[in-house]
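One structure below.
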Amino acid sequence: MKYAHIVGWGSYLPERVLTNDDIAEMVETSDEWIYTRTGIRERRIADTEETTATLAFEAAARALAVADMHPSQIELIIVATSTPEYNFPSTACQVQDLLGATAAGAFDLSAACSGFVYGLSMAHNAIATESVRNALVIGAETMSRVLDWNDRGTCILFGDGAGAVVLKRSDVPGGVLSAVLRSDGSGGDVLNLPAVYHSPLPMLADYSPNGQKNTISMNGRQVFRFATQVISSSILDALRRAGLTINDVALIVPHQANTRIIETAAKRLKISQDKFFLNVDRVGNTSAASIPLALCEAVEQGRLKPDDNIVFVGFGGGLTWASAVIKWNVTPPEVSRLDRELQRTRYLMARGRSKLRRWGRRWGAILGGSPTPDARMRDAQKPRHHEHPEE
Ligand code: UT7
């Protein structure tokens with residue numbers, strides 16, 4: 001039996017802060033309404049240059065630095081996201097390229113706000129069954145790009161960011177002790193984000209507010225009820241599978257959606273709300289990124305000690321929900337400034353090598369007489385004259 005230990009963690013938040021007061025200038029709302037109903041004060045918004053993949057890369061690079069590992073040691077990259085730039089290439093492949101993780105398989109995972117825990121469970125299984133030695137699990141989102149900024153029911157909630165962990169194979173018992181994944185597709189209409197861009201299908205218009213496409217729509221009350229119902233049972237399920245009880249838990253790192261949801265869950269579990277780590281006030285709901293982002297902050301604040309049992313719990317669109325129990329038995333190595341500089345150079349070199357491979361493909365195509373990707377694109381954009389065979 002092999003164990004999957006978390007040996008690295010990293011997060012990245014865009015610089016731009018959007019406060020509740022800023023949103024009150026866009027829609028009819030107030031700081032007081034948003035804070036009392038959700039616990040959110042502000043959130044971060046990605047710059048126009050930033051994408052889900054670049055946020056994910058920054059978080060992953062930091063996690064690798066903490067793990068003191070080279071990207072080529074990573075054999076699996078899973079990115080949990082609902083806001084990929086493309087259906088394919090996956091965000092995970094973009095991250096693989098940016099990191100220069102030359103030995104890694106890479107794929108995206110769609111389980112909305114539960115995505116990080118789903119990804120952790122997949123990576124844990126791959127390590128425990130010895131199909132890979134090390135894996136990167138990333139949650140990354142640019143939620144600001146899929147919000148209807150006229151819908152005060154949703155635009156107040158979400159923010160952008162990314163968080164990552166490195167999982168490493170070990171013979172020492174510990175790491176991910178259990179994970180329980182659940183879903184209920186009958187609740188798909190309660191919280192959704194249409195995926196087919198510029199689709200002519202009329203049904204998509206029904207899905208999105210104000211006739212806009214590809215924005216989140218949500219029945220807030222139903223999501224609230226669903227979340228408060230599943231959090232406690234999911235945590236208890238995962239603990240049972242790990243052979244532990246709630247009294248053995250040092251810290252619960254929940255999906256950061258709403259402080260009131262966590263208050264209700266704490267009451268149901270008959271535990272103090274302090275056992276839940278919360279940073280929703282400063283980052284809002286960052287969907288799949290929220291648990292690893294909160295984990296990094298909990299570590300920074302010294303909330304975790306070696307041998308602590310911690311629980312991750314996610315819930316969201318799908319509907320999906322999931323919990324994982326982790327034995328936190330790591331002390332991070334010191335990463336010097338020189339190490340950091342070396343790592344930055346390594347990523348610049350990875351970009352250089354990626355460019356060379358692209359040029360290689362282009363010149364290979366030219367010399368081989370086949371059209372280059374650019375020529376193919378130009379060709380695809382030419383107006384087509386459909387000729388009837390009989391004409
Ligand atoms: O990852 C999971 C993501 N989703 C969630 O976490 C959502 C969970 N749900 C919630 O957090 C809450 O349902 C919300 C914060 C979204 C809404 O709070 P609520 O207490 O459920 O409000 P509501 O939707 O029932 O609306 C109550 C009133 C309505 O006005 P009337 O009809 O009573 O006059 C809304 O129009 O509040 C109004 N309202 C707002 N007022 C000011 C709705 N949004 C706003 C707003 N500012 N932003």
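Residues: numbered from 1 along the sequence shown. Predicted model, so just to flag it, every value in this text is computed and none were measured. Ligands are counted one by one from 1 in listed order, and the atoms in each one are counted from 1 as well.
Neither the backbone nor the side chain of I34 has a heavy atom within less than 4.0 Å of ligand 1. Using a 4.0 Å cut-off between heavy atoms, E28 contacts ligand 1 through its backbone alone, with no side-chain atom that close.
A side-chain N or O of T91 and one of D108 form a donor-acceptor pair less than 3.5 Å apart. Checking T38 against N258 by side-chain atom types alone, no donor-acceptor pair falls below 3.5 Å. Checking S114 against T320 by side-chain atom types alone, a donor-acceptor pair falls below 3.5 Å. D237 and S234 share no donor-acceptor pair across their side chains, judged by distance under 3.5 Å alone.
For the pair I156 and ligand 1, the shortest N or O to N or O distance does not fall below 3.5 Å. Considering backbone and side-chain atoms together, S30 places no N or O closer than 3.5 Å to any N or O of ligand 1.
Interface atoms of ligand 1 facing N258, defined by a heavy-atom separation under 4.0 Å, are 10 (C), 11 (O). Near R37, meaning under 4.0 Å from one of its heavy atoms, ligand 1 places the atoms 19 (P), 20 (O), 22 (O), 27 (C). Taking every non-hydrogen atom of T29 and a distance limit under 4.0 Å, the qualifying atoms of ligand 1 come out as 42 (C), 46 (C), 47 (N), 48 (N). Remark: ligand 1 atoms within the under-4.0 Å shell around heavy atoms of T38 are 15 (C). Within the listing of ligand 1, atoms 13 (O), 21 (O), 23 (P), 25 (O) sit less than 4.0 angstrom from a heavy atom of R221. Near A257, meaning under 4.0 Å from any of its heavy atoms, are these atoms of ligand 1: 6 (O).
Nearest heavy atoms, I252 versus P254: O-CD, 3.3 Å. Nearest heavy-atom pair across A123 and L76 is CA-CD2, 4.2 Å.
Annotation: salt bridge (Lys or Arg N to Asp or Glu O under 4.0 Å) contacts of R282 (sequence neighbours excluded): E297. Judged as a salt bridge (Lys or Arg N to Asp or Glu O under 4.0 Å), and not counting sequence neighbours, the contacts of D308 are K305.
Put simply, atom 42 (C) of ligand 1 has protein non-hydrogen atoms near it, under 4.0 Å away. Protein heavy atoms come within 4.0 Å of atom 46 (C) of ligand 1. Within a 4.0 Å radius of atom 19 (P) of ligand 1, the protein contributes one or more non-hydrogen atoms. Within a 4.0 Å radius of atom 26 (O) of ligand 1, the protein contributes no heavy atom. Distance remark: protein heavy atom not present below 4.0 angstrom from atom 34 (O) of ligand 1.
Here R16 does not pair with D47 in a salt bridge; the nearest charged N to carboxylate O distance is not below 4.0 Å.
The shortest heavy-atom distance from G316 to ligand 1 is not under 4.0 Å. At least one heavy atom of V223 sits less than 4.0 Å from an atom of ligand 1.
L293 and F315 fall into different hydrophobic clusters, defined by Ile, Leu, Val, Met, Phe, Trp and Tyr side-chain heavy atoms under 4.5 Å apart, directly or through other members.
The aromatic ring centroids of Y347 and F57 lie less than 6.0 Å from each other.
The single protein non-hydrogen atom nearest to atom 7 (C) of ligand 1 is M218 SD, 3.7 Å, given as residue, atom name and distance. Among protein heavy atoms, the minimum distance from atom 9 (N) of ligand 1 is reached at G220 O, 3.0 Å. Nearest protein neighbour of atom 3 (C) of ligand 1, counting heavy atoms only, is N285 ND2, 3.3 Å. If you check which protein heavy atom lies closest to atom 30 (O) of ligand 1, you get R152 NH2, 4.4 Å. Among protein heavy atoms, atom 37 (O) of ligand 1 sits closest to W33 CZ2, 3.4 Å.
Between W9 and W328, the ring planes lie tilted relative to each other; the angle falls in the 30° to 60° range.
The cationic atom of R303 (NZ for Lys, CZ for Arg) does not lie both less than 6.0 Å from the six-membered ring centre of F277 and within 45° of the ring axis.
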